[in-house]
Amino acid sequence: MRNLKNILVTGGAGFIGCNFIRLLLEQEPAFTGRIINLDALTYAGNIASLADLAGQFGGTRYCFEHGDICDRGFVDALFKKYGVDTVVHFAAESHVDRSIYGPETFIKTNVMGTFTLLDAARNAWKQGDGSIRDDVLFHHISTDEVYGSLGETGAFSETSPYDPRSPYSAGKASSDHLVMAYHHTYGLPITLSNCSNNYGPYQFPEKLIPLMILNIVEGKPLPVYGDGRNIRDWVYVEDHNRGVWTILHTGVTGEKYNIGGENEWENIRLLHTLIDLVSKKAGLDPEKARGTITFVKDRPGHDRRYAIDCSKIKRELGWTRKVGFEEGLAKTVDWYLANTSWVDGIRSGEYQRWVEQNYGERR
Ligand code: NAD
Ligand code: DAU
């Protein structure tokens with residue numbers, strides 16, 4: 001029986017991590033434990049996303065620890081201080097474009113950081129006879145990008161061969177292999193999930209959906225890479241996180257699970273849908289926004305199509321999506337229209353100055 005009492009969430013100030021913490025503390029009465037949020041607050045981490053929860057649960061069921069997952073001494077100390085029995089590892093450099101122009105941080109955090117956490121967990125959970133406790137769990141959050149790029153048909157399953165194409169996905173693939181290696185070699189209890197493109201509130205506005213929503217509102221150019229015909233499979237962030245929570249409870253140790261939206265969209269078609277939706281909600285002229293669509297140079301090595309076969313988690317663990325794309329997009333657009341101060345804080349540099357004053361220089 002897994003403990004799930006003292007959960008170390010890495011990257012909990014990022015997009016998916018902060019939504020995961022919200023889900024557990026606000027919507028999961030079955031969760032009665034404590035969350036320790038370890039985050040380095042890089043450019044993508046925003047602790048303001050959890051300010052209300054820190055006020056409500058801080059000190060008892062929610063603690064924030066500022067630090068780097070690559071810092072072994074710091075990570076060891078956290079395991080001890082909080083009696084960590086579960087790790088949910090979201091922390092990563094996550095933006096493909098940045099990995100192309102500056103791969104080193106991606107390898108440090110995504111590969112070395114994951115290695116550091118795995119080894120610290122092995123050490124903390126080792127028993128007197130050398131075996132590892134069986135009431136603990138290391139859950140690793142990964143991506144469909146490790147499988148590479150699909151042609152016009154087919155979908156990635158858990159047994160699809162790995163074929164990463166960007167420094168980001170190559171680092172994530174390496175981390176997946178390390179997680180499996182720690183399970184097979186040392187008996188570390190692990191689970192792993194590979195998810196498709198997430199969307200929803202609190203996503204850093206460099207990713208496609210929030211970038212386009214904000215640019216439509218502001219009348220800025222809408223940059224479409226290449227011919228705009230690349231396909232992504234979109235899943236609402238809360239559905240992804242419910243999948244993770246389901247795996248923590250009932251996932252089989254040593255297994256990996258794909259999570260996806262079964263919801264494929266060409267980028268250009270998605271952009272037209274967003275233009276209609278945002279224009280309607282914000283009282284703008286959609287034709288004017290369409291006129292700002294700008295086809296730009298393609299991303300090098302741009303994966304053509306992703307699609308996830310998530311029948312395993314549905315069949316074996318009973319997970320299902322709750323949020324349809326129309327509903328999820330409407331919620332997301334509403335959130336960005338209503339939370340301009342969250343976006344302004346990032347864009348104006350005000351949030352960055354606050355982090356530097358309180359936590360020292362940011363990476
Ligand atoms: P994000 O970039 O929004 O957040 C990443 C978080 O990790 C930030 O808070 C950042 O400060 C923190 N972080 C980065 N380096 C760190 C370090 N060295 N030490 C401690 N904290 C550090 O990313 P996201 O979109 O929320 O993605 C979270 C995870 O989910 C990643 O592992 C990513 O690969 C995976 N994933 C993302 C998607 C997606 O569509 N966004 C889909 C599938 C899987
Ligand atoms: O598939 C899961 C992955 O989804 C995660 O592992 C990554 O962390 C996450 O960033 C995301 O990667 P993508 O590269 O698919 O997401 P992004 O939002 O950067 O781009 C989505 C698609 O839109 C992609 O085909 C590139 C295109 N694009 C993106 C941007 C930012 C544009 O055409 N214009 C843009 O300005």
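For ligands, and for the atoms within them, numbers begin at 1 and follow the listed sequence.
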Q.
Thr143 versus ligand 1: do any nitrogen or oxygen atoms come within less than 3.5 Å of each other?
A. no
Q) So which of Ile16, Thr10, Asn110 gets nearest to atom 27 (O) of ligand 1, if we judge by its closest heavy atom? A) Ile16
(Q) Between Tyr257 and Trp319, is the ring centroid distance below 6.0 Å? (A) no
(Q) Only heavy atoms of Lys172, strictly under 4.0 Å: list the atoms of ligand 1 that pass. (A) 31 (C), 32 (O), 33 (C), 34 (O)
Q | Leu41 and ligand 1 - part of the residue with a heavy-atom distance under 4.0 Å | A | backbone
Q) Do any nitrogen or oxygen atoms of Ser94 come within less than 3.5 Å of a nitrogen or oxygen of ligand 1? A) yes
Q: Just go through His95, Arg305, Arg299 and tell me whose heavy atom is the nearest to atom 14 (O) of ligand 2.
A: Arg299
Q | ligand 1 atoms in contact with Ala44 (distance to a heavy atom under 4.0 Å) | A | 2 (O)
Q) Of all the non-hydrogen atoms in the protein, which one sits nearest to atom 23 (O) of ligand 2, and at what distance? A) Asn267 ND2, 3.4 Å
Q. Ligand 2 versus Asp303, non-hydrogen atoms closer than 4.0 Å: side chain, backbone, both, neither?
A. neither
**Q.** Which atom of Val111 lies closest to which atom of Leu178, heavy atoms considered
**A.** O-CD1, 3.9 Å
Q) Nearest to atom 43 (C) of ligand 1 by heavy atom, Gly260, Cys70, Gly11, Cys195: which? A) Cys195
Q. Has ligand 2 got any nitrogen or oxygen that is less than 3.5 angstrom from a nitrogen or oxygen of Glu206?
A. no
Q.
Can you tell me which portion of Lys108 lies within the under-4.0 Å heavy-atom range of ligand 1? Options are side chain, backbone, both, or neither.
A. neither
Q. Is the Phe15 to Phe90 ring centre distance short of 6.0 Å?
A. no
Q) How about Glu218: does its CD atom have over 12 heavy atoms from other parts shown lying under 6.0 Å from it? A) yes
Q: Pick, from Tyr199, Tyr202, Tyr43, Tyr168, the option with the minimum heavy-atom distance to atom 33 (C) of ligand 1.
A: Tyr168
(Q) For the NE2 atom of His272 and the CE atom of Met212, what is their distance to the nearest 0.5 Å? (A) 10.5 Å
Q) For the ring pair Phe156 and Tyr147, is the centre-to-centre distance below 6.0 Å? A) yes
Q. Which residue and non-hydrogen atom of the protein lie closest to atom 1 (O) of ligand 2, and at what distance in Å?
A. Asp144 OD1, 2.5 Å
Q) Looking at Arg353 and Glu350, does any basic side-chain N land under 4.0 Å from a carboxylate oxygen? A) no
Q.
What I want to know is whether His240 and ligand 1 share at least one N or O pair that is separated by under 3.5 angstrom.
A. no
Q.
Between Phe138 and Trp125 (judged by ring centroids, cut-off 6.0 Å), do the two rings come close enough to count as a pair?
A. no
Q) Is there at least one pair of N or O atoms, one from Asn230 and one from ligand 2, spaced under 3.5 Å apart? A) no
Q) In terms of atom number and element, which parts of ligand 1 are under 4.0 angstrom from non-hydrogen atoms of Gly45? A) 8 (C), 9 (O), 11 (O)
Q | Candidate with minimal heavy-atom separation from atom 44 (C) of ligand 1, of Ser175, Ser142, Ala92 | A | Ser142
Q) For Gly151, does its backbone N or O pair with a side-chain atom of Arg304 as donor and acceptor, under 3.5 Å? A) no
Q: Just jot down the ligand 1 atoms closer than 4.0 angstrom to any heavy atom of Asn197, in number order.
A: 40 (O)
(Q) Any nitrogen or oxygen of Thr109 lying under 3.5 Å from a nitrogen or oxygen in ligand 1? Just yes or no. (A) yes
Q: Measure across Glu264 and Arg269 and return the closest heavy-atom pair with its distance rounded to 0.1 Å.
A: O-NH1, 4.0 Å
Q: Provide the number and element of each atom of ligand 1 under 4.0 Å from a heavy atom of Ser196.
A: 42 (C), 43 (C)
Q. How many angstroms lie between CD1 in Ile259 and SG in Cys310, if you round to the nearest 0.5 Å?
A. 8.5 Å
Q. Do the side-chain N and O atoms of Tyr306 and Asp303 include a donor-acceptor pair separated by under 3.5 angstrom?
A. yes
Q: Looking only at distances, please establish whether an N/O atom of ligand 2 is found under 3.5 Å from an N/O atom of Tyr306.
A: no
Q: Please determine if Asp39 has a nitrogen or oxygen closer than 3.5 Å to a nitrogen or oxygen of ligand 1.
A: yes
Q) Counting only heavy atoms, which portion of Glu145 has something under 4.0 Å from ligand 2: side chain, backbone, both, or neither? A) side chain
Q) Does any donor atom in the side chain of Asn197 or Asp144 lie under 3.5 Å from an acceptor atom in the other side chain? A) no
Q) Got an N/O contact under 3.5 Å between His302 and ligand 2? A) yes
Q | Leu118 side, atom CG; Ile190 side, atom CD1 - distance, nearest 0.5 Å | A | 9.0 Å
Q. Which atom pair, heavy atoms only, marks the closest approach of Ala307 to Leu150?
A. N-CD1, 3.4 Å
Q: May I ask you to list the atoms of ligand 1 that are less than 4.0 angstrom from any heavy atom of Ala91?
A: 7 (O), 21 (N), 22 (C)
Q. What protein heavy atom is closest to atom 18 (O) of ligand 2, reported as residue, atom name and distance in Å?
A. Leu208 N, 2.8 Å
(Q) For the 3.5 Å polar cut-off, considering only N or O atoms, please tell me whether Met212 and ligand 2 meet it. (A) no
Q. By number and element, which atoms of ligand 1 are closer than 4.0 Å to a non-hydrogen atom of Gly67?
A. 19 (N), 20 (C)
(Q) What's the separation between atom SG in Cys18 and atom OH in Tyr202, rounded to the nearest 0.5 Å? (A) 6.0 Å
Q) Can you find an N/O atom of Leu38 closer than 3.5 Å to an N/O atom of ligand 1? A) no
Q: May I ask you to check if ligand 2 and Asn197 share an N or O to N or O distance below 3.5 Å?
A: yes
**Q.** Proximal atoms of ligand 1 relative to Asp68 (non-hydrogen, under 4.0 Å)
**A.** 17 (C), 18 (N), 19 (N)
Q) Looking at atom 9 (C) of ligand 2, what's its closest protein heavy atom, distance included? A) Ser94 O, 3.9 Å
Q) Non-hydrogen atoms of Cys18 versus ligand 1: any pair closer than 4.0 Å? A) no
Q. Does the gap between the ring centers of Tyr162 and His177 come in under 6.0 Å?
A. yes
Q: Considering only non-hydrogen protein atoms, determine which one is nearest to atom 34 (N) of ligand 2 and report residue, atom name and distance to 0.1 Å.
A: Pro223 O, 2.8 Å
Q.
Rounded at 0.5 Å granularity, tell me how far CE in Met180 sits from NE2 in His183.
A. 7.0 Å
Q.
Strictly distance-based, threshold 3.5 Å: is any side-chain N or O of Asp39 a donor or acceptor partner for the main-chain N or O of Ala13?
A. yes
Q) More than 12 non-hydrogen atoms from neighbouring residues, nucleotides or ligands closer than 6.0 Å to CD on Glu152, yes or no? A) no
(Q) Heavy atoms only, cut-off 4.0 Å: how does Phe74 contact ligand 1, side chain, backbone, both, or neither? (A) neither
Q.
Tell me whether Arg242 forms a cation-pi arrangement with Trp245, defined as NZ or CZ under 6.0 Å from the six-membered ring centre and within 45 degrees of its axis.
A. no
**Q.** Heavy atoms from other residues, nucleotides or ligands near CD of Glu104 exceed 12 (cutoff 6.0 Å)
**A.** no
Q. Would you say Phe204 touches ligand 1, if touching means a heavy atom closer than 4.0 Å?
A. no
Q.
With nothing but distance in play, are any N or O atoms of His89 less than 3.5 Å from an N or O of ligand 1?
A. no
Q: Closest by any non-hydrogen atom to atom 33 (O) of ligand 2: pick that one out of Tyr225, Tyr168, Tyr199.
A: Tyr225
